[in-house]
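Taking it in order: structure first as structure tokens, then the write-up.
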Protein chains: 2
Amino acid sequence: MGTEGATVTDQVTTGTDVTRMRELNALSIVRALRGNPPSTVTELATRTGLSRPGTDVIVQGLVADGWLTVVEPDGSSVVGRPARRYRFNAGAGHVIGVDVGAHKVLAMLADLDGTVTWTTRLPVDPGADPAARLTVVDAAVEECLASAGLRPDDIWGITVGVTGPVDASGRTTLFTPLPGWASVNPAEHLAARFSCPVQVENDCKLAALAERWQGAARDADDIVYVLAGMRTGAGLIIDGTLRRGHGGAAGEIGALRAVRWLTAPSHLEKCASLPAGVDTDDAAAWVFAAARAGDKAARTAVRRYTRDLAVGTAALVLTLDPQVVVLGGGFSRSADLILGQLARELGRTCLRVPEIRASTLGAESVALGALRLALNEVDARLFGTGLPAPVAPRA
Amino acid sequence: MGTEGATVTDQVTTGTDVTRMRELNALSIVRALRGNPPSTVTELATRTGLSRPGTDVIVQGLVADGWLTVVEPDGSSVVGRPARRYRFNAGAGHVIGVDVGAHKVLAMLADLDGTVTWTTRLPVDPGADPAARLTVVDAAVEECLASAGLRPDDIWGITVGVTGPVDASGRTTLFTPLPGWASVNPAEHLAARFSCPVQVENDCKLAALAERWQGAARDADDIVYVLAGMRTGAGLIIDGTLRRGHGGAAGEIGALRAVRWLTAPSHLEKCASLPAGVDTDDAAAWVFAAARAGDKAARTAVRRYTRDLAVGTAALVLTLDPQVVVLGGGFSRSADLILGQLARELGRTCLRVPEIRASTLGAESVALGALRLALNEVDARLFGTGLPAPVAPRA
DNA sequence: AGGCTTTTGTCAAGCGTGCAGCATTATTCG
DNA sequence: CGAATAATGCTGCACGCTTGACAAAAGCCT
């Protein structure tokens, strides 16, 4: 406490107590077990660099707290005494990821290992007002809880994916295609029922996370994800971390008029050979199919679309110099028609051409990314502040 | 050691020994002292959260190792026994930052606090071959050493700033305006004389670092730095860290033809009212002066230049959504003529308009940034792996 | 079947570290 | 010169990790 003298940088609080050291060691053991098959104490000891007896003590404590579960030795034919194996108790907590779209709400439940244990998809009227849409979100989330017999307090994190840039408060005030949604604060809404942290994030950004987690860019740390569909958007991962920008509007290069992302899909909708009966939602799919079959006008439409898509992508690539560009979104099903030309255009305009890959995740990528973001938050809380609390750490 | 079985993620090595804990505490005390005025043990104890006796023991050790120096109490009029103060011994090590330009080599020497203790500026013939240029670099560095009577081993880090994207090996193979420089590896050259780490980095990126360190963007974590001069370039700081991109080519948006950064300065050179006698190097300065005096043609030239500058800046801003855009480079001396229009253009094209500020650093910004990068590297080595080695930690 | 090898599980002793508390010292104020 | 004040220095205590040793549980060999 500075009395009245020049108070400098008070309260750095990095001093490590000997009891804090034990927490850190416990965490490093948990970390050494996450995502790995069940391991023996000896393995954990070598992995963490701790001694075997020391590791054993900590492991016992973690088992008592419910973080680890014991796997009794099965008849594996090794020479010495068969070792007990310990497994991270992924069921100690769960996270929920929600994708709020115009036509549907998709909710997923996963355990702490990220294993998806339930998926709910409910339809929504595109014109539904915010209250109605939130009711559907609630219903989807509720179904996730019911599927595993969980109570709200068993959920450690929730992430909601929406379209449009998300500001710090979790709202999409700058722009949203959902009617009336600009005034909605989904985090606040869910906080009434859940005590865990609720994050709201842009759908492109979440899809980018998903591609790095389980999709086409698992090996990369610098990723530009381009969502190609009836809307065009981007999500950026730099140095392995999702980047939001200072106001949450990173990746919105499509707002630049010279980048014709807003009008790019119209090339497909206005294709000359498009029959009259095709619905506007199915137009793109029809054009891609026709182009694949050799239809001249359709091929031209796809070429024009890709050219426009490439301009914005080039701007992103030149700005960030990523390792990988991932093409996602609805049109990525037709990546075979797009990727070649996209690569050529980038090769023409960019200094260093990154790898270009098609998304390997389907329509669930946004919800998956939402799960990943929620898990990231849980990890940060666990490993950052470090609270190996007994059994069930709440918010 | 995995024998032949499924070797998973070996060697995580995060286990904290009790002796390692002491290292960490020593480091946190050093950190609590860096950049602060000399402090008493009691102050350090409260700042780090450690106990006073414990702090005292560590401080004694740090003094013995040469990291801290004692400041005997002067006659400050407080009640009670006057406290010894301890100061971080910034002179324990030094770093060197070099700015290799077309016309000059600028080298700076700084201590561990970043206080610049010597600056050398040597002229170079723009057409000099790589060997000649490297000789000048050596001379400049040598002068830094001589100024403080230092030996090469007293230097803990060196950073060299060059124009053009720098790859992982430290070379500028993609592009460089210096004749023959593409084949040069400055890091390797300096490694012959210095055992410390030598980094090579792009000049725009270093200038960006400098602006965040001591310049116009000290408070920001997300910065787009635009170097405006006869060459146009950019440096990006995201979440407080300089971003290089996967191949070191981040920020090279100027390579996009639609972004007219390459030709933007020609608007100034081709100004109609420019007298015949003015040298090409001084043309821009003349035009800015004329514009400020009210010359119609000059004002038009500046307006056209700024319009072109704004296109690329808008692409960077929309991609990254930074908090601040810093206008640097030689033309930032005329920021009064540029900033207003630049802000208007960004306001027209961008979703969320960042603050726009003029650089407060002069021609030394690149060398300053080089110092900062070298200091960052030293810090990372110290605080990361943690080696409070005795007196003088070498590479 | 019995001994040998190998690896695990467990215990005891030792050590380094940080913390709390008390005595000591140096300085100002009355 | 004595009282008050605050920093310094010292001792005992608690905690957790490590080393080393030994018993237990399996497979392999004779």
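So you know, we letter chains A, B, ... as the sequences are listed, proteins then strands, and number each from 1.
Nucleotide dC17(D) holds its P atom 13 Å from the CZ atom of Arg20(A), rounded to whole Å. Nucleotide dT18(D) holds its P atom 8 Å from the CE atom of Met21(A), rounded to whole Å. In this structure, CG of Leu44(A) is placed 15 Å from C1' of dG9(C), rounded to the nearest angstrom. Following rounding to the nearest Å, Glu72(A) (CD) and dG9(C) (P) show an atom-to-atom distance of 9 Å. Rounded to an integer number of Å, the gap from CD1 of Ile58(A) to P of dG9(C) is 16 Å.
In this structure, Trp156(B) and Trp67(B) have perpendicular ring planes: the angle between them is above 60°, well past the 30° mark.
Every side-chain contact (heavy atoms from CB on, under 4.5 Å) that Ala110(B) has, sequence neighbours left out, goes to Val95(B), Leu371(B). For Thr117(B), the side-chain contact (heavy atoms from CB on, under 4.5 Å) partners are Leu109(B), not counting sequence neighbours. Taking Arg22(A) as the reference, nothing meets the salt bridge (charged side-chain N to carboxylate O under 4.0 Å, His left out) condition, with sequence neighbours excluded. With sequence neighbours excluded, no residue forms a salt bridge (charged side-chain N to carboxylate O under 4.0 Å, His left out) with Arg372(B). Residues meeting the salt bridge (charged side-chain N to carboxylate O under 4.0 Å, His left out) test with Arg193(A), sequence neighbours left out: Glu142(A). Val71(A) pairs by the side-chain contact (heavy atoms from CB on, under 4.5 Å) definition with Pro38(A), Arg85(A), Arg87(A), not counting sequence neighbours. In this structure Ser51(A) satisfies the side-chain contact (heavy atoms from CB on, under 4.5 Å) test together with Pro53(A), sequence neighbours excluded.
Taking the screw axis at each terminus of the helix from dA1(C)-dT30(D) to dG30(C)-dC1(D) from five consecutive base pairs, the angle between the two is 10° to within rounding of 10 degrees.
Under 4.0 angstrom from either OP1 or OP2 of dG18(C) there lies at least one side-chain N or O belonging to Asn25(B).
Nearest-nucleotide mapping onto DNA chain C: of Gly80(A) and Thr16(A), the residue sitting toward the 5' end is Gly80(A).
The residues Asp379(A) and Arg34(A) are annotated as salt-bridged, a charged nitrogen and a carboxylate oxygen being separated by less than 4.0 angstrom.
Residue Leu24(B) is out of contact with every strand shown, counting any heavy-atom pair closer than 4.0 Å.
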Between N or O atoms, less than 3.5 Å apart, protein on one side and nucleotides 8-15 of chain D on the other: list the pairs.
| unit_1 | atom_1 | unit_2 | atom_2 | d |
| --- | --- | --- | --- | --- |
| dT8(D) | OP1 | Arg84(B) | N | 3.3 |
| dG9(D) | OP1 | Arg84(B) | NH2 | 3.2 |

